[in-house]
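Chain identifiers are assigned alphabetically (A, B, ...) following the order of the sequence lines, protein sequences preceding nucleic acid strands; residue numbering begins at 1 within each chain.
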Amino acid sequence: MNAVVKRARTEVESALSGAFDALAPQLPGQARVRALRADAAALFASQGLPTRRVEAWHYSDLRAQMKDVLPLAGRPDAGAIAQAQAVLQPVREGQVRAVLVDGYFIEELSAGLVTSDITLRTLDDVLETGDKVAIDILSAKNLGKGDTALALNTAFMRGGVVIDVEPGYHAALPIELVSITIADAPKAIFSRSMVRAGAGATFTLVEKHITLGDARVQKNDALVLFASGRSQVEHSFHRARTGDNEVHVHSLLTIVWEEAKLNSVALVEGGGFLRRQIFARFEAEGAELSLASATLLRGKDHADTTLVVDHANPGNTSREYFKHIVDESATGVFQGKVVVAQHAQKTDGVMKSQTILLGDDAAMYNKPELEIFADDVTCGHGATVGALDPAQLFYAMSRGIPRADAETLLLEAFAGDAIERLSDESLREAMLQRVRDWLKGRVA
Amino acid sequence: MLEIKNLHANVGGKEILKGLTLTVKDGEVAAIMGPNGSGKSTLSYVVAGREGYEVTQGEVLLNGESILDMPPDERAAKGLFLAFQYPVEIPGVNTMTFLKAAMNAQRKHRGEKELPTPEFMKIVREAQGKLGVAQDMLRRALNVGFSGGEKKRMEVLQMSLLDPKLAILDETDSGLDIDALRVVADGVNALRGTDRGFLVITHYQRLLEYIKPDTVHVMASGRIVKTGGPELAHELEARGYKEFIGQAA
Ligand SMILES: Nc1ncnc2c1ncn2[C@@H]1O[C@H](COP(=O)(O)OP(=O)(O)OP(=O)(O)O)[C@@H](O)[C@H]1O
Ligand SMILES: [Mg+2]
């Protein structure tokens with residue numbers, strides 16, 4: 001650990017700390033939660049917003065992005081709710097769907113809330129009345145320690161949902177968690193949700209992020225994904241393209257227990273400044289975690305994916321598979337760290353990052369890292385950055401396919417390689433269609 | 001008809017084609033034989049329009065029209081086809097999808113409507129059966145993990161689907177077993193006709209026994225140094241290229 005060097009607070013940092021002090025008494029939660037928030041606020045007060053001097057944020061200067069404090073989003077009004085409703089796909093009979101608007105759970109847009117196998121509560125309710133176990137899991141204290149962007153979320157969190165899937169339940173339909181931001185006026189959003197898979201539960205979680213409008217937004221949200229022993233969870237994540245004015249920090253906090261299988265596949269479209277951080281930890285043995293994503297960037301997009309996979313226990317397998325297509329003058333960042341504790345023997349970890357740079361001014365920063373303290377492990381990583389393969393392009397063109405179409409074919413295959421890891425066919429096809437739409441936007 | 005006149009081309013700053021002249025008439029099957037490194041593949045790439053191959057002098061006409069300023073896809077739409085010496089693997093692109101994209105792209109170039117899927121499937125099935133291409137290959141990523149021989153069959157399959165006016169086959173026989181060689185040759189022979197020309201690059205007389213050429217050219221150091229009938233291939237098989245290497249330098 002680097003020594004902590006105190007530095008002068010910026011106005012924004014002081015204002016955020018001030019906002020917390022003023023708001024704290026009204027934020028949901030009893031003594032435990034208050035202490036949790038206070039600790040997080042104290043960490044933030046001492047460290048401030050992450051800058052390039054913080055190693056884990058070396059390529060994404062959040063402090064530079066947060067030039068002022070935007071007003072905290074209030075509960076959405078009827079107009080905002082109607083706008084959100086308009087972008088929702090029809091819900092299938094019996095499907096569970098939780099919708100957040102500006103970070104707040106909106107019951108009237110949600111569906112399938114009352115089933116015997118899936119329980120849905122608001123975050124505020126759990127913070128106020130939840131048992132110690134639930135609050136401990138929500139606080140994910142072993143994950144993302146010291147990260148001050150996450151600390152801000154912990155300090156301010158409110159408004160999300162907590163979904164519990166009963167042990168042994170096999171959900172036939174995906175559970176949806178849709179987060180919609182109505183960017184009609186500047187606002188800041190701090191929301192946290194949790195999805196807990198009971199022992200042996202099997203289901204698919206579909207997480208979507210959509211922003212409507214182009215007003216300035218600071219969205220700092222988190223999802224705690226808790227996979228109990230032998231649960232099998234597939235997680236499909238899609239962040240739709242936003243305008244240039246969104247500063248979005250999204251934290252995925254994943255806790256994986258014995259013999260659980262968690263397969264997370266993401267399609268990340270750029271827009272503004274995005275930091276997607278994934279903190280994952282193996283709490284027992286024999287589990288498999290797979291994290292994949294395709295990130296599509298253009299314009300002046302800045303998207304940073306930073307992940308830490310903590311093999312804190314022996315005999316677990318992790319796969320990280322990250323693909324970026326970076327066009328125009330966009331910037332992509334991938335930082336992946338796989339940590340293998342000293343007693344975590346028989347760890348199997350493979351991390352791969354592949355990037356295609358299309359624009360002359362496009363940039364990609366890759367930093368894969370292995371921190372291995374055990375000796376009996378199979379771990380590897382690789383990172384490649386390059387243009388589209390001219391030999392492949394020529395081959396396709398020699399068959400009569402025009403350059404733009406040949407590029408589209410190859411790019412779709414490149415992104416599809418990550419998306420194919422999704423086992424649900426209709427979700428996979430929907431994601432591929434989004435990729436095609438993005439590529440079409442490129443050619444047009 | 002393909003006419004190549006006094007073609008000079010550089011690759012990586014080095015002159016590889018040094019004044020090559022060659023004509024393939026409609027209905028003609030012309031063979032090119034020549035030592036390794038003499039520029040045979042370079043010639044096929046230059047004609048197909050690969051980037052990085054700089055033409056410094058000369059002309060290439062396809063049916064009387066200069067093609068050197070056209071991108072590769074336009075040349076293909078004009079009826080040119082190249083069977084690659086080393087077919088390129090394209091991970092993630094399903095072979096069927098690729099074939100359909102290629103056929104429809106060419107139809108679009110020519111102002112024709114897209115092929116309806118059932119019709120496309122029927123055409124592919126037919127060609128596939130004739131060429132002994134396994135059904136499961138069509139479902140796999142294009143050329144990925146195909147054996148050497150399977151890749152070559154896939155080239156010939158593409159050729160028959162795309163129905164070119166002029167096809168260049170760059171060592172399509174290398175890597176083929178005896179049965180595959182016959183299948184591929186049958187595939188080519190089936191396409192032979194008065195309106196189609198072939199330029200067959202090969203090292204072996206054997207292929208030319210199945211695909212009987214009208215003309216045999218010897219290429220050395222970036223030029224055609226001798227032209228003759230099928231008997232020339234036999235001579236080369238017996239005597240090698242020694243006499244030509246000195247002559248061309
Ligand atoms: N990119 C390049 N840069 C420099 N030299 C090249 C490049 N590509 C090809 N060459 C050279 O051009 C010459 C001709 O190569 P080419 O592949 O055309 O020969 P070939 O006649 O097809 O040989 P083979 O019978 O082995 O297939 C060779 O000496 C080769 O090394
Ligand atoms: Mg060659």
Worksheet item: Heavy-atom distance under 4.5 Å between the side chains of Leu358(A) and Leu388(A), does that happen here?
Response: yes

Worksheet item: Below 4.5 Å, heavy atoms only, C-beta onward: do Val184(B) and Ile211(B) meet side chain to side chain?
Response: no

Donor-acceptor table for chain B and chain A, threshold 3.5 Å:
from: Glu51(B); atom 1: OE2; to: Arg403(A); atom 2: NH2; distance (Å): 2.5
from: Asp73(B); atom 1: N; to: Met397(A); atom 2: O; distance (Å): 3.3
from: Leu82(B); atom 1: O; to: Arg399(A); atom 2: NH1; distance (Å): 2.6
from: Leu82(B); atom 1: O; to: Arg399(A); atom 2: NH2; distance (Å): 3.2
from: Glu89(B); atom 1: O; to: Gln392(A); atom 2: NE2; distance (Å): 3.2
from: Gln106(B); atom 1: NE2; to: Arg399(A); atom 2: O; distance (Å): 3.0
from: Asn143(B); atom 1: ND2; to: Tyr395(A); atom 2: OH; distance (Å): 3.4
from: Glu155(B); atom 1: OE1; to: Arg399(A); atom 2: NH2; distance (Å): 2.7
from: Glu155(B); atom 1: OE2; to: Tyr395(A); atom 2: OH; distance (Å): 2.4
from: Glu155(B); atom 1: OE2; to: Arg399(A); atom 2: NH2; distance (Å): 3.4
from: Gln158(B); atom 1: OE1; to: Arg399(A); atom 2: NE; distance (Å): 2.7
from: Gln158(B); atom 1: NE2; to: Tyr395(A); atom 2: OH; distance (Å): 2.9

Worksheet item: Taking only residues two or more places apart in sequence or in another chain, which ones pass side-chain contact (heavy atoms from CB on, under 4.5 Å) with Pro72(B)?
Response: Phe394(A), Met397(A)

Discussion item. Could you check whether any side-chain heavy atom of Asp186(B) comes within less than 4.5 Å of a side-chain heavy atom of Val188(B), counting everything from C-beta outward?
Written reply: no

Worksheet item: At what distance, to the nearest 0.5 angstrom, does CZ of Phe81(B) lie from CG of Leu161(B)?
Response: 9.0 Å

Practice prompt. Using a heavy-atom cutoff of under 4.5 Å, enumerate the residues of residues 56-64 of chain B that contact chain A, numbered in order, or state 'none'.
Written response: none

Fill in: Side chain, backbone, both or neither of Ile90(B) within contact of chain A (heavy atoms, under 4.5 Å)
both

Worksheet, complete the sentence: Taken to the nearest 0.5 Å, the spacing of Leu43(B) CG from Leu7(B) CG works out to 7.0 Å

Worksheet item: Of all residues at least two apart in sequence or in a different chain, which pass the side-chain contact (heavy atoms from CB on, under 4.5 Å) check with Ala430(A)?
Response: none

Fill in: Which atoms of Ala406(A) approach chain B - backbone, side chain, both or neither, heavy atom under 4.5 Å
neither

Worksheet item: Is the shortest heavy-atom distance from the side chain of Met121(B) to the side chain of Val124(B) under 4.5 Å?
Response: no

Item to complete: Nearest 0.5 Å please: distance from the OG1 atom of Thr202(B) over to the CG atom of Leu207(B).
Response: 5.0 Å

Worksheet item: Where do Leu142(B) and Val144(B) land on the side-chain contact (heavy atoms from CB on, under 4.5 Å) test, with the steps shown first?
Response: CA-CA 5 Å; Leu142(B) 183 62; Val144(B) 177; 5.9 Å; no

Worksheet entry | Interchain contact, Pro164(B) with chain A, by part (heavy-atom threshold 4.5 Å) | neither

Worksheet entry | Rounded distance (nearest 0.5 Å) linking atom CE of Met219(B) with atom NE2 of His217(B) | 11.5 Å

